[in-house]
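Please read all numbers here as calculations on a predicted model, not as lab measurements. Whatever order the structure lists ligands and atoms in, that order sets their numbers, starting from 1. The figures here come from the full heavy-atom set of this structure, side chains too, leaving out hydrogens, waters and symmetry mates.
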Amino acid sequence: MIVLVINAGSSSLKYQLCDTATAQVLAKGSAARIAESGASFSHVAGERAFTLLDPIPSHRDAMALMIEALLDPEHGALTGVEQVDAVGHRAVHGADVFVEPAHITPEVIDKLEACVPLAPLHNPANILGIREAQRVLPGVPHVAVFDTAFHATIPRHAYLYALPLELSASNRIRKYGYHGTSCRYVVERAAEMLGKPVESLKMIVCHLGNGASITAVDGGRSVETSLGFGTMSGLMMGTRAGDLDPAIIFHLHRELGMSLESIESMLYHESGLLGVSGRSRDMGAILQGVEAGDERCQLALEMFVHRLRSYIGAYIAVLGGADTLVFTAGIGENSETVRRLACANLEALGIRLDEGANAAIHGTGGRISAEDSPMTVLVVPTDEERSIALQTEAVVQGTTMLTIAP
Ligand code: ADP
């Protein structure tokens, strides 16, 4: 099936044309800085690629550029839009409404609109992307794949915050979790790599990108995850602080007179690796800083690793013992150093790395634990677009991707 995967952000549009049968990416591209100065559009199909630096006034214009590029006789991958069998949309927040991917109908869009207060940054862009894509590709099924859906299996005692219960219930305040599309894909790939049914495995998945989260997965079902109601909690991230005592927010507000908006912005955009190092949000740059003897980069790395290890230990307890630890996303797939430090001296918890394998692994991923390690440690490259394409295909064909019933 030829699936066009669309990821619409507030000022960006990313797309990927996938053939689910061959796992081939036929074309991909992105529009950046939509309705801002310095807009750009780039497209790649096989060896052929181009970039435009013209203004892109709206998502509608970005969508038109995408279709034009896909149909372009020289750079395209299609001879007609009717070759697209389905469109899969990355949807960030399905709240407690969407626990599986959904075939998009007007009713689904209404329900997505109702979720906007829970994801004010992401859902409006997703809805706009869906509407504009339906306009340019009207004759094909459109499917929304939710980043929160994989975590719908987290039990109530884990997803609730210890607030007055009535307040939580009437305002839908609970842990929703994110990175679920990536996590679902990685869990299934890890089970394939191990040659074991996913139902038999107790896994901890470390998704370490600019945004980072860690998830405990019992028999293929998410049972605990570090991102919560919003996308701020848990691990230290590129520019987000991760866990912090909420008392700090009240202190900054009362004593420094900082507005709630400026505290929110600081916690989202000026904290994490960037805030501590004062240098970069990128782990690659932090590690270069460490090599060069930069003390703040060293501190940022130590804090990142400390938080990660604390969560690995906690989730082994949540699972009552785990058999598989998985590293994925930009840092998890590429940083031998972060993986080595995260796993150091954890023999007591059953984790022993093969340092040679850890240093050598790249590309397709693989096992990095020692032969005699009780827990298997894997590097598994994530592929959110492929996951969305496969889930879209399953919805269109009326099958379900869920290996485990919710
Ligand atoms: P996003 O959450 O934006 O999808 P990615 O999954 O692409 O992010 O991860 C980006 C992170 O991965 C950045 O911190 C980047 O520095 C880090 N990264 C990528 N390659 C390497 C590498 N070789 N060594 C260390 N960190 C890396």
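- Taking every heavy atom of Leu287 and a limit of under 4.0 angstrom, the matching atoms of ligand 1 come to 25 (C).
- Between atom SG of residue Cys343 and atom CZ of residue Arg352 there is a gap of 12.0 Å, rounded to the nearest 0.5 Å.
- Of the protein's heavy atoms, Asn210 N, 3.0 Å lies nearest to atom 2 (O) of ligand 1.
- If you take CZ on Phe146 and CG on Leu112, they are separated by 4.5 Å, rounding to the nearest 0.5 Å.
- Atom 14 (O) of ligand 1 has Met283 N, 2.9 Å as its closest protein atom, hydrogens excluded (heavy atom only).
- Nearest heavy-atom pair across Lys14 and Ser30 is CG-CB, 3.9 Å.
- Of all protein heavy atoms, the one lying nearest to atom 11 (C) of ligand 1 is Ile331 CG1, 3.8 Å.
- Residue-ligand proximity: Gly238 is placed with every non-hydrogen atom at 4.0 Å or more from ligand 1.
- Distance remark: protein heavy atom not present below 4.0 angstrom from atom 4 (O) of ligand 1.
- Short contacts between ligand 1 and Gly284, defined as distances under 4.0 Å to a heavy atom of the residue, involve ligand atoms 16 (O), 25 (C), 26 (N).
- Side-chain atoms of His151 come within 3.5 Å of backbone N or O of Tyr178 as a donor-acceptor pair.
- Scanning the protein for heavy atoms near atom 22 (C) of ligand 1, the closest one is Asn334 CB, 3.4 Å.
- Looking only at atom types and distance, the side chain of Thr215 has no donor-acceptor partner in the side chain of Glu224 under 3.5 Å away.
- Looking at Thr328, Ile286, Thr382, Asp282 and measuring to atom 13 (C) of ligand 1, the nearest heavy atom belongs to Asp282.
- With hydrogens left out, the protein atom closest to atom 18 (N) of ligand 1 is Gly330 O, 3.7 Å, a heavy atom.
- Annotation: salt bridge (Lys or Arg N to Asp or Glu O under 4.0 Å) contacts of Asp96 (sequence neighbours excluded): Arg172.
- Set against the non-hydrogen atoms of Ser335, the atoms of ligand 1 under 4.0 Å away are 25 (C).
- Interface of Gly211 with ligand 1, defined as ligand atoms under 4.0 Å from a residue heavy atom, comprises 2 (O).
- In terms of the side chain to side chain contact (heavy atoms under 4.5 Å, CB included) criterion, residue partners of Thr239 (sequence neighbours excluded) are, by chain and number, Leu274, Arg281.
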So Ile361 and Arg339, side-chain contact (heavy atoms from CB on, under 4.5 Å) or not? Walk me through it.
CA-CA 11 Å; Ile361 206 93; Arg339 295 191 303 257; 3.1 Å; yes
